[in-house]
Structure formats: structure tokens, C-alpha cells
Amino acid sequence: MKKRTGIVIVALLLLGLIAWRIWFRPQKTVTQPEPAVVTAKQTVAKPLVPPTIESVSEDDLQRTPLKGTDEQKRVLIAQIREVMRQANQPITFYGQVVDQYNQPIPGVKVQLGVRYTEEVLPGFTDDRFRYFDEITDVAGLFALTDTKGAVLSVKALEKEGYETTPHAIGRSFWYWRDVPSHGYKAQNGQPEIFRMWKKSGAEKLITGDKFYGVVPDGRNYAIDLRGEKKIEGGKMGDFKISIHRPAQVSSESRYDWSCVVEGIGGGVIETQDEFMYYAPESGYQPHYEVTVAASDPKWSDRATRHLYLKSNDGKIYARLEVEIFANYQDKAVFSVKYYANTNGSRNLEYDPVQNVVKK
Amino acid sequence: MGIIWINDDNDAAMTYTNADQLRGIIGDLAGVVPGSGGIYEVEQDDIASPGQNQEDWRKNIPTCKRDLEDFTRLVISTQGLTDMLKNADLYMGLKWSDTGSTHPSIKLYKQYDTTGALGYVTDDYQATMQLSENAILNAKYASDDPASSSAHTVVTTDEVFVLPQGLWFGLSSDNSKRSLLLEGCTVGTGQLKIVILKRDGDSYTEIGEGPGVWMDLKEPHEFVERWSCGDGDRTDVGSLQRVDAKSGTFAAPTTDAEKDYVLYVHGYNMQELEKQRWLETTYKRLWHLGYKGRVGEFSWPCSQSAPPYDDSENHAWQSGSRLLELLNNLKGLGFRVHMLAHSQGNVVAGEALRQAGPGAQLVRTYIASQAAIPAHSYDSSVEARTDFTPSTPDVYSHYLLDGQDPPQSTTLAHTWPMTNPSYMASVKMSGAAVKYVNFWNADDYALTGNSLGHPGWMIDQVLKPTLYSTGYNLDKGFKRYDPFAMPAPIYYTFPDNRFTIFAFCVSARSKALGATPTGGVFAANQSFDLKTSLNYGTEHVYHSAQFRSSMAQRWQYWNRFLIETGLKSPQ
């Protein structure tokens with residue numbers, strides 16, 4: 001009996017030793033947070049739930065590709081699973097697709113991609129994607145529920161007769177990473193709006209992407225889109241540009257600078273339109289000026305603008321994507337990507353099949 | 001003289017509709033769910049080096065849009081002869097002369113864009129349309145199947161290549177220029193001359209000779225320069241050497257444009273073939289956009305597989321001093337260096353510039369692209385992550401400050417004042433490069449992910465103390481302790497062991513530089529948002545999209561690179 005009692009005590013001690021090794025040694029090895037190290041930044045952090053190493057089975061230990069002792073593997077597997085659990089947030093998403101007139105578009109195929117983390121082997125994760133094709137209903141609405149992941153992205157919007165923009169399909173929504181303070185929260189009844197352009201039929205445009213060097217002393221240059229010419233002091237063409245800044249500047253210095261765009265026989269309208277496929281009929285200003293003051297806290301030596309252009313008394317309408325560099329190779333640059341209808345039509349839809357491409 | 005490279009690689013863009021079809025092709029299945037549907041493109045850099053007789057030039061049709069990057073333009077004027085060529089009263093031929101002992105050869109394709117513009121590499125639609133054009137067949141062998149690999153499509157030194165009558169259809173006296181695309185097949189130098197021929201049955205007689213163009217056809221590696229401090233898989237960082245077998249032999253620059261030197265620093269998980277191909281891709285894409293300067297690479301002993309990530313990072317930190325040596329050498333030779341570092345290569349680049357010190361001006365422009373280095377190392381004010389509680393001091397944001405009285409501890413990082421500047425703060429490296437620009441993507445797969453297979457920068461930071469049995473002790477500092485392998489913990493000190501500490505011990509509290517805009521040295525210039533500007537997405541391919549896919553899809557990245565470096569020539 002005593003012998004048996006002794007065996008039980010030894011067995012208990014051994015169990016205790018094993019439990020100690022499982023529960024305490026890894027804690028030392030991992031070096032859990034100690035108060036003196038915690039900074040102001042850390043105090044706002046959401047504590048990671050301590051790894052639950054009970055969930056790590058013997059089979060997991062056999063199959064994991066991780067190296068180390070069983071104890072080290074247990075801790076790592078548990079920690080990795082906790083990261084994975086946090087990253088795979090429940091995803092609910094509501095969207096609506098409308099056209100340029102804010103009318104809902106039914107029957108749009110919306111491809112959504114969800115990145116999630118999967119355990120390929122115990123303690124070995126891979127980020128993967130699930131893709132979902134949702135079809136909008138009569139109200140242009142679609143929804144995604146019952147899945148999990150870290151980030152949802154809109155990959156494509158497709159419907160015959162409609163066009164979308166990179167802006168629309170480049171949107172992404174993070175459900176993890178900035179949780180809980182900034183993670184995306186979908187709200188039923190307040191869908192995210194995605195726009196498509198209802199095409200009316202493209203006409204032949206001329207298009208190009210030019211990078212014009214400019215002496216930035218306020219002198220004028222005439223730009224002829226059809227001939228792709230820049231003529232200093234010219235009066236003929238589609239629009240004039242001039243850039244003004246101090247003669248001597250460096251990449252570190254700040255200075256006042258400005259750029260003027262003038263429609264020849266017409267004018268210019270700045271726009272925030274997502275689609276620039278139909279030029280406005282009116283509202284063109286003869287002069288459009290970008291001014292940047294040295295005192296502006298958001299000062300930059302460059303500016304981007306989207307402009308509609310009317311020129312030659314309405315014979316030409318164009319959309320311009322402009323980037324201005326006030327200091328480039330000791331001069332300045334007026335960079336413009338343009339799509340111009342030279343037939344007097346305001347239709348600026350682009351179709352590469354029937355357009356002349358000049359680069 | 002036209003100096004062009006031969007098309008000796010193996011570009012491919014195979015599309016599979018089921019992930020399982022890919023398994024036998026490539027091992028890299030990031031983002032692909034086994035058994036799932038979808039469309040997957042396999043690109044050139046995923047495919048092994050071409051075997052003998054598998055080079056792209058041997059195929060009589062462009063293999064894919066990426067293949068078009070190995071083509072250049074050749075315009076032939078038929079002025080004065082247009083109608084006679086159209087009516088087959090005369091034929092035009094091409095022949096090589098002055099080739100010496102070399103045997104240059106090319107193939108020609110009718111360009112889809114009749115204006116002869118660059119759209120075949122900058123316009124996806126035109127590139128797609130170009131893929132349907134077969135190589136031009138020597139009219140002497142008109143009965144050949146043009147799609148067959150044995151068709152007579154190569155302009156060799158052996159015989160005159162007769163251009164077919166149909167090539168001139170559509171031309172007129174007012175429009176007498178035919179735009180062709182040319183690909184190099186075999187190396188050599190010579191003059192490609194136009195000859196005028198008269199046909200008599202099956203024979204063609206040369207009755208006149210037109211102008212010629214000198215061509216020098218070389219292998220792609222001869223256009224680039226590769227420097228290395230080791231290319232094995234995490235082998236020891238060695239001395240700086242030029243890899244002559246994979247480099248050109250550049251003469252001293254003879255023009256101002258040749259003084260510009262784009263230096264590419266590769267990232268992690270790069271096998272030998274990829275290091276070379278991505279260097280050549282950098283050269284090719286910049287060349288098409290008009291860049292006339294030099295292109296080189298600094299190669300370092302990264303991990304050639306994924307993972308291990310942290311050991312690779314350790315090698316990256318150690319390689320910084322070798323890169324610094326190269327930068328000093330290049331500056332000494334009078335080059336204006338524009339450094340493009342990708343992913344973990346930004347650890348190498350950043351450390352080199354930090355060691356160079358403020359005002360060194362070793363680099364004109366440093367483009368940190370998709371940088372796998374903590375944003376806090378440059379700017380301590382970047383928002384901290386909130387998804388985990390770090391267990392190590394914030395050494396990136398507030399690094400050891402030398403020269404203090406009393407001196408700051410070289411071990412107890414948690415005692416360093418919060419006023420200490422970050423490791424790569426402006427005060428330490430402003431002016432080491434004249435201009436710093438951050439090319440970032442908030443959705444970058446590698447930098448925001450939790451994959452251990454491709455890591456997974458976010459999860460890697462969380463696991464750093466654990467993964468390598470490292471940690472921090474309040475009395476003794478950073479340590480490594482594997483109780484089953486070491487009799488006692490090893491304790492580390494700053495600055496001597498900082499690379500080990502960064503690579504294995506410290507959790508970064510911020511996102512990666514390549515996933516967020518930052519201040520510090522990057523504040524003076526606008527960060528470039530790859531997501532909103534170029535539609536870089538969430539998938540793995542976008543972590544290195546500029547090297548992958550086709551130039552027709554990615555040229556804007558390289559165009560922006562030229563703009564930010566000031567290398568794009570205004571018109």
C-alpha cells in the first residue's frame with residue numbers, strides 16, 4: 001500500500017512537472033508583456049487573447065511543419081491560430097450599383113474577392129481568396145453575408161452596355177487590421193454606392209499622353225491636340241498653358257507657384273466627375289488657374305486636376321487629366337492625358353477599336 | 001547603330017480555369033484555393049529557364065503580351081517604289097552585310113498599329129491585337145505554313161530575305177511607310193540593307209541596293225550590370241563583386257544620359273533566375289520608355305524560398321554595408337544613381353543610406369517600392385497597430401541615441417527616452433539620398449497578410465519574439481533562449497547586434513513602409529499610392545506586379561518611376 005502510495009505521489013509529481021513544463025516554460029520563452037516595457041502606444045492596444053494551447057492536439061504536433069520542441073510548437077500553433085481567428089472577421093457587405101443618373105441598375109454581375117487566412121497545416125497559414133459573383137436586384141442592390149475574412153475588395157462590375165471605372169473596382173474594405181476602432185462596419189439600408197456609365201455609343205476620339213516641358217516664367221504655350229504640337233507663344237491650337245514660379249528653386253525650398261490653362265475659343269471646367277464621358281454644355285471659364293502658396297501647409301510642387309475643355313468655338317470637346325510639376329529638370333512640366341472629340345460632339349466615350357491612338 | 005537584345009527568354013501567359021491544373025506547373029499557389037475555379041495566369045517569371053530550342057524567338061508568333069517587350073520597331077519607307085512593290089513589278093529584300101565572323105539574325109512582324117507608335121507595349125488593346133500577327137515569311141518560301149516552326153521566317157546571313165508583296169498593300173504615295181516589329185534571334189553585328197529585286201519565276205535578281213541600318217544583337221544580360229555580395233540561399237554576406245557572367249562590360253559613360261544609373265535592389269524569396277530576369281525586365285521596360293542610361297542590380301543572399309523570412313531579413317541588414325560600398329564606387333565613377341528597392345530589398349537600401357549618413361548624396365532618388373520595413377523605422381508618428389500587444393520595446397520608433405551624458409544603455413531598450421529619434425529618422429539620413437519616394441499599397445498582399453507560406457509581414461511581426469525563442473528581459477535586454485539547445489540565454493547589445501535584434505526579436509508596432517505613407521525623409525515628396533493610381537489590388541501578384549505580367553499592363557509603374565526620378569524627358 002505504501003509502495004502504491006509512493007508510486008501515486010511520484011506520478012503526481014511527474015504530472016506536476018509536465019504541467020509546469022507545459023504551462024510555465026513556454027511563458028518564459030515567449031516573454032510575455034512586462035509592465036515596465038509598456039508604452040503609451042501599447043496601452044491603447046487591444047490585448048491579444050492568450051494562446052489556448054489546450055486546443056493543440058498531439059496530431060497537430062505530429063503534422064506541423066514548425067521546428068522546435070513540442071512545447072514551443074504548442075505555443076506557436078496556438079498563437080498563430082489566435083492571429084488567424086482575429087484576422088478572419090465576419091463579413092457583411094451591402095452595395096448598390098447605379099448609373100450616371102443615379103438610377104439603379106439591375107442584373108449587374110458584381111465580383112467580390114475576400115482575403116482570408118487558412119490553416120494549411122497545424123501552425124502554418126496561408127492567405128487565400130474566395131471570389132463571389134453577386135447579381136444586383138431590381139433596385140441595384142446586392143449583399144454578401146455568411147463569410148469571413150480580413151479584407152473585401154470589389155474586383156469587377158459587369159453588364160452589357162455599361163462601363164465602370166478603376167476607381168469603382170479598386171475599392172477595398174478592411175474588416176480586420178484596424179479592428180475595433182477602424183474596421184469596416186456595413187449597415188443594412190446604407191449600401192456602398194458603385195457607379196456605372198450607361199454607354200450611348202463611342203465616337204471617334206483622338207487620344208494621347210504628353211509630357212510637355214515648360215519654362216516657368218509665365219510665358220504662354222499653345223497646345224494643339226490634333227497635331228500634338230506645343231508652340232511657344234502660339235495663338236493657334238486647342239488651349240494655352242503657362243506656369244510661373246521663381247527662377248531659382250531647389251527640391252527642398254517652398255515657393256509660390258501657379259499654372260494657367262486657357263481654352264482657345266472656349267474654356268475650361270474643373271471637375272470631380274468619376275466619369276468624364278460627356279462634356280458639359282456650358283459653364284466653361286476662359287481662364288483656369290492653379291495657385292499654390294508657399295505658406296500652404298499642404299504645399300507641393302505638383303498638382304493634379306481633371307478638366308473639361310471646349311475649344312475652337314465648340315468644334316472640340318475634350319477631357320484632360322492634368323499633372324503639373326512646378327520644378328522638373330530645372331524647368332516645369334505640364335503633363336496631360338487627353339481624349340478629344342474633334343467633331344463638335346460632347347460625347348467623350350472611348351472605344352479603342354475605333355480610336356486613333358497617338359503616344 | 002541599333003543595339004538590341006535577342007529574344008532568348010520564355011514568356012508565357014497561360015490561363016487556367018481550375019487551380020488544380022496549376023499544381024504541376026508551378027509550386028507557388030498563393031491565393032489559389034485547391035479545387036476552386038477562377039482564372040490564373042502563369043507568367044514568365046514563374047517558369048523555368050528556357051531549354052535548348054525553346055527560346056521565344058523560335059516561335060513564329062508572339063507567345064503573349066509580355067513577349068512583345070522583346071520586340072522593337074523598324075520602319076521601311078517605300079517612297080518612289082510603292083506602286084511597283086504593290087503590283088509585284090519589283091520586290092524588296094533584306095540582306096546582312098559587314099557581319100564579320102558573326103551571324104546576326106532577326107524576325108519581322110507587321111505592326112498592328114500602322115502609325116508605328118509604342119502602343120504594342122503601352123496599350124493593352126493594341127498588344128492583344130498584335131498577338132495575331134505571324135512572323136513575316138520569306139517570299140521565296142511562300143508555300144511554308146507561317147505558323148510552323150520550320151517556316152522560313154528568319155532573316156539570316158545565309159540568303160536575301162524577300163519581303164512579300166502583301167506587306168505593301170494599304171500603302172500609297174502619300175503614306176509610304178510600313179511599320180514592322182523586329183525581334184533578335186541570334187547575336188552578331190552587321191548592317192541590315194534593303195535590296196531591290198526583280199522576280200523571274202522562282203528566282204529573284206538583285207537590281208539595286210538601298211540604305212542600311214547597323215545592328216548589334218546581344219544577349220539581354222549584356223545590357224545590364226549585376227553586382228553581388230552573395231547569391232546563395234542565405235549564405236554568408238561576402239565581398240562586393242561584379243557577376244561578370246551575368247553582366248555587360250560597360251565602358252565609361254560617353255554621354256550625359258549614360259551617367260544615369262538605375263540600381264535595382266531585389267527583395268526576398270528570389271531564386272537565381274528571378275534575380276536575373278527581373279533585372280533584365282527592369283532594363284527592357286525602362287528602355288522602351290526612352291531611358292538611355294545604365295541599369296544595374298545589387299544582389300544579396302536572400303532566402304530563395306518562402307519562408308524563412310526573418311533569417312533573410314538578417315542577411316538584408318548585413319548586406320547594407322556592401323551596398324554602401326557599391327554606391328560609393330558608383331558615385332566615384334561619376335554616376336547619378338537612382339535606386340529602386342523592392343520589398344525586403346528596402347532593408348538593404350535603407351541600412352546603406354543610414355550608414356552613408358546625412359548629406360552624403362550618394363543617391364539622387366531612392367524609390368522604396370512595396371517596402372518590407374517598419375514604417376516606424378522612418379517615422380515614429382505613424383499610427384501604431386492595434387491588433388496585437390507587442391512584448392518588446394519600441395526600438396524602431398525610438399532608437400539608441402549615442403553621445404548622451406550619461407550614456408544610454410546598450411541593452412535595456414525600454415529605458416531609452418521616447419524623445420529618441422527613430423532608427424532611420426531624418427536627422428540620420430536626410431540627404432543621403434537627395435530625394436526619397438515611397439511607392440505604397442495599403443492592400444499589399446505580402447505586407448498586410450498573415451500567411452506563413454509567403455509571409456505575411458503582419459503575422460511575422462506578431463510572432464517575432466516567439467518564432468525564434470527570443471524575447472526581452474527587463475534586467476538584461478534582448479535575448480535568445482532555446483532551453484533545449486542552449487545552456488543559457490544569449491543576450492544582445494546595441495548597436496553591435498542590432499541586425500539580429502531587428503530580424504529575430506523585435507515586433508514592429510506599425511504597418512510596413514510599403515503599406516502606408518510616412519513622414520521622415522519621405523515627407524518632402526509625395527508618396528505614390530499604387531492602389532489608387534495604378535489599381536494595384538489585394539492579390540499576391542500585386543506585391544511585385546511591375547516585374548510581372550505584361551508591360552502593356554504595367555508600363556505606367558515604370559513611367560512613374562521615370563517621372564519621380566526626373567529621368568523622363570519632357571517634350
Under a 4.5 Å heavy-atom cut-off, does chain B meet the side chain of [X], its backbone, both or neither?
| X | value |
| --- | --- |
| A/Ser172 | both |
| A/Lys67 | neither |
| A/Phe334 | neither |

Side chain, backbone, both or neither: which part of [X] has a heavy atom under 4.5 Å from chain A?
| X | answer |
| --- | --- |
| B/Met458 | side chain |
| B/Asn535 | side chain |
| B/Ser569 | backbone |
| B/Lys435 | side chain |
| B/Thr538 | both |
| B/Leu412 | neither |

Nearest 0.5 Å, what's the [atom1]-[atom2] distance between [X] and [Y]?
| X | Y | atom1 | atom2 | result |
| --- | --- | --- | --- | --- |
| A/Arg171 | B/Lys531 | CZ | NZ | 9.5 Å |
| B/Ser451 | A/Glu118 | OG | CD | 11.0 Å |
| A/Asp127 | B/His540 | CG | NE2 | 10.0 Å |
| A/Phe129 | B/Tyr445 | CZ | OH | 6.5 Å |
| B/Phe388 | A/Glu82 | CZ | CD | 13.5 Å |
| B/Asp387 | A/Gln86 | CG | CD | 6.5 Å |

If we ignore angles and hydrogens, is there a donor and acceptor under 3.5 Å between the side chains of A/Trp176 and B/Asn450? no
May I ask you to check whether A/Arg115 and B/Thr448 show a side-chain donor-acceptor distance below 3.5 Å? yes
Pick from B/Leu463, B/Val434, B/Asn525, B/Asn559: which one has the most heavy-atom pairs with chain A under 4.5 Å? B/Leu463
Just give me the residue among A/Ile80, A/Leu66, A/Thr125 that pairs up with chain B most often, heavy atom to heavy atom, under 4.5 Å. A/Thr125
A/Tyr328 (side chain) donor-acceptor with B/Lys568 (main chain) under 3.5 angstrom: yes
Is A/Gln329 reaching over with its side chain to a backbone N or O of B/Gly566, donor-acceptor style, under 3.5 angstrom? yes
Nearest non-hydrogen partners of B/Gln526 and A/Ser300, listed with the distance: NE2-OG, 3.0 Å
Correct closest heavy-atom pair for A/Lys230 and B/Gln571 would be NZ-O, 3.0 Å
Who are the ring pair (Phe, Tyr, Trp, His ring centres under 6.0 Å) partners of B/Phe528, not counting sequence neighbours? B/Phe439
With sequence neighbours left out, write down each residue that passes ring pair (Phe, Tyr, Trp, His ring centres under 6.0 Å) with A/Phe124, or none if nothing qualifies. none
Taking the side chain as every heavy atom from C-beta outward, state whether [X] and [Y] have any atom pair closer than 4.5 Å.
| X | Y | answer |
| --- | --- | --- |
| A/Phe211 | B/Ile563 | yes |
| B/Leu452 | A/Asp126 | no |
| A/Tyr212 | B/Pro570 | no |

Surrounding CG of A/Asp133 (heavy atoms of other residues, nucleotides or ligands, distance under 6.0 Å), is the total greater than 12? yes
Trace of the salt bridge (Lys or Arg N to Asp or Glu O under 4.0 Å) decision for B/Glu539 with A/Arg128: CA-CA 9 Å; B/Glu539 283 83 355; A/Arg128 294 181 165 179; over 6 Å; no
